[in-house]
Amino acid sequence: QVQLVESGGGLVQAGGSLRLSCAASGSTFSSYAMGWFRQAPGKEREFVAGISRSGQTTYYADSVKGRFTISRDNTKNTMLLQMNSLKPEDTAVYYCAATALIFSDSSARYDYWGQGTQVTVSS
């Protein structure tokens, strides 16, 4: 079992930057592949970025490639999502997720989820 708590969401102007954090507790953080997902009002939850257990391999949705960077620090049980060049279409609730299985871009493969943090990008 692992508990996840996101933080760092807020309101930012288009073109600005924001960094989201995901703090894990309750289990061995390094045992989990991790991912960030987001869900905008009226839309399905979508994959944003993922990272392997070691942090050596990362994956990004096409919509955020070149703008977002996912990272993790297993010594601090923390995962980060650095978001640059934000666009209004990035507005959503962002969720931190963990899976004890192999990394996937499908939300169905993730067993543990944080409560979400709101990111709003104004034009």
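Model, not experiment: these values are computed from the prediction.
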What's the separation between atom [atom1] in [X] and atom [atom2] in [Y], rounded to the nearest 0.5 Å?
X   : Y   : atom1 : atom2 : value
S71 : I51 : OG    : CD1   : 6.0 Å
R19 : L80 : CZ    : CG    : 5.0 Å
I70 : M83 : CD1   : CE    : 11.5 Å
F68 : R38 : CZ    : CZ    : 5.5 Å
R72 : M79 : CZ    : CE    : 7.5 Å

Quick one: closest heavy-atom pair of [X] and [Y], and the distance?
X   : Y    : result
G35 : Y110 : N-CE2, 3.8 Å
T69 : Y60  : CA-OH, 3.3 Å
S30 : N74  : CB-ND2, 3.6 Å
A24 : V2   : CB-CG2, 3.9 Å
L81 : V48  : CD2-CG1, 4.3 Å
A14 : S123 : CB-CA, 4.3 Å

Enumerate the salt bridge (Lys or Arg N to Asp or Glu O under 4.0 Å) contacts for residues 51-71, please, sequence neighbours excluded, ordered by first and then second residue.
D62-K65, R67-D90

How would you list, by chain and number, every residue that makes a side-chain contact (heavy atoms from CB on, under 4.5 Å) with S31, sequence neighbours excluded?
T28

Under the side-chain contact (heavy atoms from CB on, under 4.5 Å) rule, collect the residues that match up with N84, sequence neighbours excluded.
S17, Q82

Intermediate values then yes/no, ring-ring contact (aromatic ring centres under 6.0 Å, His included), Y59 and F103:
CA-CA 9 Å; Y59 310 86; F103 166 81; 3.9 Å; yes

Would you list the pairs meeting disulfide bond (SG atoms under 2.5 Å apart) in which at least one residue belongs to residues 43-81, sequence neighbours left out?
none

Could you list all the disulfide bond (SG atoms under 2.5 Å apart) pairs where at least one residue sits in residues 73-123, not counting sequence neighbours?
C22-C96

Counting heavy atoms not belonging to Q13, are there more than 12 under 6.0 Å from its CD?
no

Step through the shown structure and confirm whether more than 12 heavy atoms of other residues, nucleotides or ligands are within 6.0 Å of CD1 on I102.
no

Determine whether F29 and M34 make a side-chain contact, defined as any pair of heavy atoms from C-beta on separated by less than 4.5 Å.
yes

What pairs meet the side chain to side chain donor-acceptor pair (under 3.5 Å) rule with one or both residues in residues 95-107, with sequence neighbours excluded?
none

Could you walk me through whether V5 and Q115 pass the side chain to side chain contact (heavy atoms under 4.5 Å, CB included) check?
CA-CA 7 Å; V5 179; Q115 83 288 347; 4.0 Å; yes

Please determine whether side chain to side chain contact (heavy atoms under 4.5 Å, CB included) holds for the pair F37 and E44, giving the CA-CA distance in whole Å, both sets of side-chain angles, and the decisive distance to 0.1 Å.
CA-CA 10 Å; F37 293 79; E44 296 181 350; over 6 Å; no

Between W36 and F47, does the ring centroid distance fall short of 6.0 Å?
no

Can any side-chain N or O of E6 pair as donor or acceptor with the backbone N or O of L20 at less than 3.5 Å?
no

